[in-house]
A.B. asks: 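Before anything else, here's the structure in question.
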Amino acid sequence: MGKVVFLYRSLAYRNAAADILRKARKLPLGAERSAARRYARALRDLARTEAWLEGRVARDPRTAQRMSSAASG
């Protein structure tokens, strides 16, 4: 049951961050746009922190691929 709760909470944070970022892109340059982008970034970081606290770090395949290709170098 804990995995399901974690999944929904993490997805909710990520979806909220994406929605706020989409809205921020429509705003003109300025303080309001910057604040919205910071808020979206904070929500994304919160989702990552939650994943770390739960022991379920979602890895980005592009990052993992870059790391493995750099290590094989």
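Please read these numbers as outputs of a predicted model, since none were measured by experiment.
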A.B. asks: Which residue pairs pass the side chain to side chain donor-acceptor pair (under 3.5 Å) test with at least one member in residues 15-27, sequence neighbours excluded?
C.D. replies: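 Listed by first then second residue: Asp19-Arg22.
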
A.B. asks: If the condition is salt bridge (charged side-chain N to carboxylate O under 4.0 Å, His left out), which residues does Asp45 pass it with, not counting sequence neighbours?
C.D. replies: none

A.B. asks: For residues Ile20 and Ala36, report the shortest heavy-atom separation together with the two atoms involved.
C.D. replies: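 Shortest heavy-atom contact: CG2-O, 3.3 Å.
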
A.B. asks: Any salt bridge (charged side-chain N to carboxylate O under 4.0 Å, His left out) involving residues 28-38? Give me the pairs, sequence neighbours left out, ordered by first then second residue.
C.D. replies: none

A.B. asks: Look up atom OH in Tyr13 and atom CG in Leu46, then write down how far apart they are to the nearest 0.5 Å.
C.D. replies: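 Interatomic distance, Tyr13 OH to Leu46 CG, rounded to 0.5 Å: 4.5 Å.
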
